[in-house]
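These values consider heavy atoms only, across backbone and side chains, with no hydrogens, waters or symmetry-generated copies. These numbers come from a predicted model, not from an experiment.
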Amino acid sequence: MPPVFAHGRLRLYLLKLLDEAPRHGYEVIRLLEERFQGLYAPSAGTVYPRLAKLEAEGLVTHATEGGRKVYSITDAGRAELADRGGELADLELEIRDSVTELAAEIRDDVRGAAGDLRREMRAAASASATQVEDESWKAAKEDLRKARQEWKEQARRAKDESRRAREEAQQARRQAKEAQERAREEVQRIAGQLQEQFAKSGGVLGSLAGAWLGGGTQGASPAGAADAAHAAADGDWAADLAPTGDPARDLDRLLDRFRDEVRDAARDRGVTAAQVAEARGHLKAASGRLGTTFGAGS
């Protein structure tokens, strides 16, 4: 029998179940069994280690209620679930196919067992054609009747689950397509705003880049020279970023602060193509000096 979940798919489906509501591990196992109409139920040794790994990755968290861990999805988990909306739609189809395959295997097993039983019954009837039907013969017929009834019930449940999974997958695909359209519209809107801002004048980006990275004022605009002088006078720039004890992390925070301030200034005042070229020169010079600094300290 092929695996019910392909590699990484169970992890995605666990996030989906926790996105619906907080749940404890046994409830997750029971829900998976219900989704497969009782044809498949993962073991605790399959579900609990994956929940622990999701928690270690920051995608889920847990609280203890009544002595049991109740897992909840985090914002990071919801973000991954949103990013993989298309995969989730495909997973619903895969679950439907898995239910169909499991039902087919059960149906084949029931048919095979029924065929074996019929052959045994015929052999027994041939050997004792003149004997009165005894209790074992009646029991065999009852077993056959129950097997047929069970097969019909499982086939009906598999058909209902297949239909429901198909409808859910179609809905998930529609939602994923709508989300993509909204994201595309948002990107186009932001791109339009940036084009308008870059068309304006203001001399901001080059000024700030030269001032904050020590690029000097040579070749800079008057506004850039003024900003550079102000930055040189303010020796406590980013003093609110207290050291963490990790130099690499402290450097990342300083670079993030510089990027955010330059971006905010450019957004508020506008940037021209000439200023972008000027800023590129400042950034290149600053990069060279910083590379020398870190090379000297290695």
Side-chain angles (χ1 to χ4, degrees), residues 15 19 53-63 72-83 182-183 186-298:
L15 289 177
D19 187 46
K53 185 175 181 181
L54 290 172
E55 184 174 16
E57 294 173 358
L59 302 180
V60 304
T61 184
H62 82 269
S72 303
I73 192 169
T74 64
D75 291 340
R78 291 190 180 91
E80 178 168 332
L81 201 59
D83 291 340
R182 289 194 297 271
E186 181 66 12
V187 169
Q188 292 174 349
R189 183 184 67 81
I190 294 174
Q193 291 179 349
L194 290 175
Q195 289 176 353
E196 293 178 1
Q197 292 167 358
F198 281 124
K200 298 178 182 178
S201 61
V204 177
L205 182 59
S207 304
L208 288 174
W212 285 326
L213 289 179
T217 58
Q218 182 178 1
S221 64
D227 287 342
H230 176 72
D234 186 6
D236 293 331
W237 177 79
D240 59 313
L241 299 178
T244 64
D246 184 348
R249 183 180 178 188
D250 292 341
L251 177 60
D252 286 340
R253 297 172 68 199
L254 289 174
L255 293 174
D256 288 342
R257 170 64 61 83
F258 169 77
R259 180 196 60 199
D260 292 341
E261 291 186 4
V262 172
R263 182 182 293 164
D264 291 344
R267 182 187 63 243
D268 294 338
R269 305 182 195 177
V271 178
T272 66
Q275 291 161 354
V276 171
E278 180 183 346
R280 183 180 292 111
H282 290 308
L283 292 172
K284 179 179 179 182
S287 175
R289 280 191 290 275
L290 289 173
T292 301
T293 298
F294 294 137
S298 61

Considering residues at least two apart in sequence or located in another chain, which fulfil the salt bridge (Lys or Arg N to Asp or Glu O under 4.0 Å) criterion with [X]?
X: Asp75; result: Arg78
X: Asp83; result: none
X: Asp252; result: none
X: Glu55; result: none

Task: Polar side-chain atom of Ser287 near backbone of Leu283 as donor-acceptor pair, under 3.5 Å - done: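 No; judged by distance alone, with no hydrogens or angles, the pair does not exist.
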Open item on the list: Please check this pair: side chain of Arg253 against backbone of Pro243, looking for a donor-acceptor N/O pair closer than 3.5 Å.
Closed with: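 Such a contact is absent between Arg253 side chain and Pro243 backbone.
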Partners of [X] by side chain to side chain contact (heavy atoms under 4.5 Å, CB included), sequence neighbours excluded?
X: Asp246; answer: Thr244, Ala248, Arg249
X: Ser72; answer: Pro22, Thr61
X: Ala82; answer: none

- [ ] Give, for atom CZ of Arg269 and atom CD of Gln275, the distance between the pair rounded to the nearest 0.5 Å.
- [x]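 The CD atom of Gln275 is 10.5 Å from CZ of Arg269, to the nearest 0.5 Å.
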- [ ] Using side chain to side chain donor-acceptor pair (under 3.5 Å) as the criterion, list what pairs up with Asp264, not counting sequence neighbours.
- [x]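 Asp264 satisfies side chain to side chain donor-acceptor pair (under 3.5 Å) with Arg267 once adjacent residues are dropped.
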Open item on the list: Going by the rule side chain to side chain donor-acceptor pair (under 3.5 Å), which residues pair with Arg257 if we only count those two or more places apart in sequence or in a different chain?
Closed with: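 Per chain and number, Arg257 pairs via side chain to side chain donor-acceptor pair (under 3.5 Å) with Asp240.
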Mind listing the closest non-hydrogen atom pair of [X] and [Y] along with its distance?
X: Ile73; Y: Leu15; result: CD1-O, 3.7 Å
X: Val271; Y: Ala266; result: CG2-CB, 3.4 Å
X: Gly58; Y: Ala76; result: O-CB, 3.7 Å

Open item on the list: side-chain contact (heavy atoms from CB on, under 4.5 Å) for Arg259 and Leu255? Distances and angles first, verdict last.
Closed with: CA-CA 6 Å; Arg259 180 196 60 199; Leu255 293 174; over 6 Å; no
